[in-house]
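Step one of this worksheet: look at the structure below.
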Amino acid sequence: STSVESNLLIGGSGAASTLTLESTSGAGTTDAIKFKTASQAERMRITSAGQVSIASVAPPADITDNLTVFGTNGAASSLALGRFSADASDGNVNFFKSRNATPGSHPVVQSDDELGTIQWLASDGDSYVTAAKITGFCDGTPGNDDMPARISFWTTPDGSATPTERVRITSAGLVSVLGGSFGLGAPVTESASDTHTVAATTNYLITNRAGAVTLTLPTASSFTGRRI
């Protein structure tokens, strides 16, 4: 049909068509293209803003992500990645970051640049609020084939709408919990004495003694960890 308000039917002549491409309004800046299968069930929508929605539920107006999957049950609101190959390799979810506005260019990132985030949002009654997130950061000065990075884990405390960093794994392999830093080296084994002075970089201890061992902790200025 030459009419902008007519549907394009493929494989049939009515509601039982195999595929229907439907314009939601025919013209205008808020128009969308809907892809429907048998019985006119909507499977995908491309909006005038370039958003692609997969599944049977269109994204709410306050969701502006370019790719969405919304549903009313587990299967309709889930994503699956699978690799089937006779080797030890797996599938990937990749985040890319560059300091240039042109895709494909390679201006180097800078220390503390956010490299990618996975976050969980929940409705507070009138909007979606971030409840938790995991973010990768550049963690130092990068260079050719040199990309130091850290991972931060955030949760939102009760009475707040702003996530707080709880755990950090740095490019040096140090784990920071609630502001405390712990070395990730080999465990310290104590067997020769019933007293032991804990080093500032000690992560955990193993004792081989049958009796008790008295520990001496470092000063607060050199050992800011809150757990051992």
Side-chain angles (χ1 to χ4, degrees), residues 7-12 15-24 30-98 101-106 109 113-139 147 149-156 161-171 175:
N7 298 335
L8 174 62
L9 306 178
I10 302 175
S17 298
T18 301
L19 175 65
T20 300
L21 304 183
E22 177 182 311
S23 172
T24 56
T30 60
D31 196 17
I33 297 176
K34 295 191 289 186
F35 295 77
K36 296 182 176 182
T37 56
S39 301
Q40 295 297 288
E42 183 177 341
R43 303 303 185 188
M44 185 173 74
R45 176 183 299 203
I46 304 176
T47 71
S48 59
Q51 289 179 282
V52 178
S53 175
I54 300 175
S56 58
V57 179
D62 55 350
I63 303 297
T64 59
D65 301 271
N66 277 344
L67 177 61
T68 62
V69 178
F70 283 86
T72 56
N73 57 53
S77 55
S78 299
L79 293 174
L81 297 176
R83 173 170 175 165
F84 301 86
S85 57
D87 52 41
S89 300
D90 58 4
N92 294 278
V93 177
N94 298 315
F95 295 87
F96 295 88
K97 168 66 178 177
S98 171
T102 302
S105 59
H106 289 281
V109 296
D113 279 2
E114 297 182 8
L115 307 181
T117 296
I118 301 173
Q119 61 180 343
W120 292 260
L121 298 94
S123 176
D124 66 354
D126 59 18
S127 63
Y128 295 100
V129 177
T130 301
K133 67 178 182 177
I134 302 172
T135 302
F137 292 86
C138 181
D139 193 35
M147 187 56 61
R150 69 178 185 269
I151 297 178
S152 295
F153 297 80
W154 306 63
T155 61
T156 300
T162 303
T164 299
E165 186 178 13
R166 305 300 191 184
V167 177
R168 175 184 297 189
I169 305 175
T170 72
S171 59
V175 180

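- When atom types are taken as modelled, the side chain of D139 and the backbone of S171 share a donor-acceptor pair closer than 3.5 angstrom.
- In plain terms, the two heavy atoms of T102 and S105 that are nearest each other are O-OG, 2.6 Å.
- Rounding to the nearest 0.5 Å places CZ of R168 at 4.5 Å from CZ of R150.
- Closest non-hydrogen pair, G71 versus S77, comes out as N-CB, 3.8 Å.
- Heavy atoms only, all atoms of each residue included: I63 and Q51 are closest at O-NE2, 3.0 Å.
- Taking 4.5 Å as the limit, every side-chain heavy atom of W120 sits out of range of all side-chain heavy atoms of T156.
- One N or O on the side chain of S123 and one on the backbone of G125 form a donor-acceptor pair closer than 3.5 Å.
- For D87, the salt bridge (Lys or Arg N to Asp or Glu O under 4.0 Å) partners are R83, not counting sequence neighbours.
- In plain terms, the two heavy atoms of K36 and E42 that are nearest each other are CG-CA, 3.9 Å.
- For the pair P60/F70, a side-chain contact is recorded, criterion being any heavy-atom separation below 4.5 Å from C-beta on.
- Here the side chains of L67 and I54 are in contact, with some heavy-atom distance below 4.5 Å.
- A pairwise comparison of heavy atoms in V69 and A76 identifies CG1-O, 3.5 Å as the closest pair.
- Sorted by first and then second residue, the side chain to side chain donor-acceptor pair (under 3.5 Å) pairs with a member in residues 57-67 form an empty list; sequence neighbours excluded.
- Of the possible donor and acceptor atoms, one in the side chain of D124 sits under 3.5 Å from a partner among the backbone N and O of D126.
- Scored by the side-chain contact (heavy atoms from CB on, under 4.5 Å) test, E114 finds T117, T135, F137 as partners (sequence neighbours excluded).
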